[in-house]
Amino acid sequence: KGESIKVYLVVLEACGGVPDQSVTLSLSQLMARTKLSCPTVIDSLSRLEDLGLVVSTTHERGKVKTYYVPDPPDNELSTS
């Protein structure tokens with residue numbers, strides 16, 4: 001969805017576009033930079049996690065979540 005793309009681009013920009021770089025952004029920062037509501041940002045992050053586009057490194061309830069963008073897989077086709 002378009003909202004998830006906005007959140008993904010903000011996270012990607014925050015880590016300098018470099019895969020495997022952790023980045024910590026508050027919910028309010030994500031909301032301000034994407035112009036999306038709190039529930040929309042949370043849903044978008046969940047979608048991005050499900051797709052493997054961002055990985056949460058903090059799972060404790062009530063704690064700030066830290067995310068990183070994993071290195072994209074190789075897109076080479078194997079010849080077998």
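When all heavy atoms of Val54 and Leu45 are compared, the pair lying nearest together is CG2-O, 4.2 Å.
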Mind listing the side-chain donor-acceptor pairs of residues 4-19 below 3.5 Å, one per line with the distance, residues two or more places apart or on another chain?
from	atom 1	to	atom 2	distance (Å)
Ser4	OG	Arg47	NH1	3.3
Glu13	OE1	Arg33	NH2	2.6

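Atoms OG and CG, from Ser44 and Leu36 in turn, are 6.0 Å apart once rounded to the nearest 0.5 Å.
Between the side chain of Thr34 and the backbone N or O of Leu30 there is at least one donor-acceptor pair closer than 3.5 Å.
Partners of Ser37 according to the side-chain hydrogen bond (donor to acceptor under 3.5 Å, both in side chains) rule, which considers only residues two or more places apart in sequence or in another chain, are Thr40.
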